[in-house]
Amino acid sequence: MFGKPKTAHTVAVLMMAAVVSLSGAFAAEAGEADVVAATFARAADGTYRFDVSVRHADAGWDHYADKWQVIGPNGTVLGERVLAHPHDTEQPFTRSQSGIVIPQGVTAVTIRAHDKVHGWGGAELVVELGS
């Protein structure tokens, strides 16, 4: 019905190929970490709080979104939130960071996310702060 019978070795090789193929698919599926939303508020002391939503197909401790940053127009890191664990079952997820100092005159910042395998490179978000 399905052609010639296969030897045990052939079946084992085919099964290994399927496992490797699926493993690669899951690793590729995780991809880069994307910033999908962000809000901010300016505190009385002039610092900012950012609430940032990140989407990443976290795949356990070896491949998860592990931080996000607020970047100034000249590439300076103005703030960072380190993410201490995977969010396998919470996607997208939102985390906050307060006390971020934005220099006077900066009207927009870029927010980017990082993951343990790909580093930086997913979708970034430009946030207009106003004047």
Side-chain angles (χ1 to χ4, degrees):
M1 176 174 174
F2 294 105
K4 294 181 187 175
K6 298 189 179 7
T7 66
H9 175 73
T10 303
V11 171
V13 169
L14 290 172
M15 289 176 68
M16 287 291 289
V19 168
V20 168
S21 175
L22 286 174
S23 296
F26 289 127
E29 182 180 317
E32 298 171 332
D34 296 323
V35 177
V36 296
T39 60
F40 68 90
R42 188 166 183 195
D45 66 0
T47 63
Y48 286 76
R49 170 193 166 112
F50 284 86
D51 303 308
V52 176
S53 298
V54 175
R55 182 183 314 274
H56 182 263
D58 287 3
W61 289 96
D62 292 331
H63 191 185
Y64 72 95
D66 61 346
K67 62 185 150 187
W68 55 259
Q69 292 180 332
V70 177
I71 308 294
N74 60 358
T76 302
V77 176
L78 303 173
E80 179 176 88
R81 170 66 192 257
V82 174
L83 305 166
H85 59 85
H87 296 87
D88 293 349
T89 60
E90 180 187 0
Q91 291 295 324
F93 62 92
T94 303
R95 295 297 178 269
S96 303
Q97 183 66 42
S98 298
I100 297 174
V101 176
I102 307 293
Q104 189 170 352
V106 173
T107 59
V109 295
T110 300
I111 302 176
R112 65 182 182 176
H114 181 275
D115 79 74
K116 292 177 103 24
V117 171
H118 300 102
W120 307 108
E124 299 179 344
L125 186 66
V126 174
V127 176
E128 299 288 336
L129 302 173
S131 48

Task: Working for side chain to side chain contact (heavy atoms under 4.5 Å, CB included), residues I102 and F50 - done: CA-CA 11 Å; I102 307 293; F50 284 86; 4.3 Å; yes
Task: Heavy-atom closest contact (A113 atom, V35 atom, distance) - done: N-CG2, 3.7 Å
Task: Criterion side chain to side chain contact (heavy atoms under 4.5 Å, CB included) on R95 and F93, from CA distance to verdict - done: CA-CA 7 Å; R95 295 297 178 269; F93 62 92; 4.1 Å; yes
Open item on the list: Under 4.5 Å between side-chain heavy atoms, counting indirect links through other Ile/Leu/Val/Met/Phe/Trp/Tyr residues: same cluster for V36 and V127 or not?
Closed with: no
Open item on the list: Check for me whether R81 meets the cation-pi criterion with W68, that is, NZ or CZ under 6.0 Å from the six-membered ring centre and within 45 degrees of the ring axis.
Closed with: no
Task: In one Ile/Leu/Val/Met/Phe/Trp/Tyr side-chain cluster, 4.5 Å: L125, I71 - done: no
Open item on the list: Ignoring hydrogens, what is the shortest heavy-atom contact between D115 and A33? Give both atom names and the distance.
Closed with: OD2-N, 3.5 Å
- [ ] Please check if the distance between the ring centroids of H63 and H56 is under 6.0 Å.
- [x] yes
Open item on the list: Starting from V54, can I reach L78 by hopping between I/L/V/M/F/W/Y residues whose side chains sit under 4.5 Å apart?
Closed with: yes
TODO: Tell me yes or no: between the side chains of R55 and H87, is some donor less than 3.5 Å from an acceptor?
DONE: no
Open item on the list: Do V106 and Y48 land in one hydrophobic cluster if side-chain heavy atoms of ILVMFWY residues count as linked below 4.5 Å?
Closed with: yes
TODO: Look up atom NZ in K67 and atom CD in E80, then write down how far apart they are to the nearest 0.5 Å.
DONE: 5.0 Å
Open item on the list: Could you check whether any side-chain N or O of D34 sits under 3.5 Å from a backbone N or O of A123, counting only pairs where one atom can act as donor and the other as acceptor?
Closed with: yes
Task: side chain to side chain contact (heavy atoms under 4.5 Å, CB included) evaluation trace for H85 with L83 - done: CA-CA 6 Å; H85 59 85; L83 305 166; over 6 Å; no
Task: T94 and D51 side chains, donor-acceptor separation under 3.5 Å - done: no
Task: Residue pair R112 / Q69, side-chain donor-acceptor N/O under 3.5 Å - done: yes
Open item on the list: Taking I111 as the starting point, is it possible to reach L129 by hopping between hydrophobic residues whose side chains are less than 4.5 Å apart?
Closed with: yes
Task: Co-members of the apolar cluster containing Y64 [side chain, <4.5 Å] - done: W61
Task: Pairwise distance NZ(K116) to CG(D62) - rounded to 0.5 angstrom - done: 8.0 Å
TODO: Might you point out which heavy atoms bring A108 and E128 nearest each other, and give the distance in Å?
DONE: CB-OE1, 3.8 Å
- [ ] Flag the pair T47 / V101 as yes when at least one side-chain heavy-atom distance between them is below 4.5 Å, and no otherwise.
- [x] yes
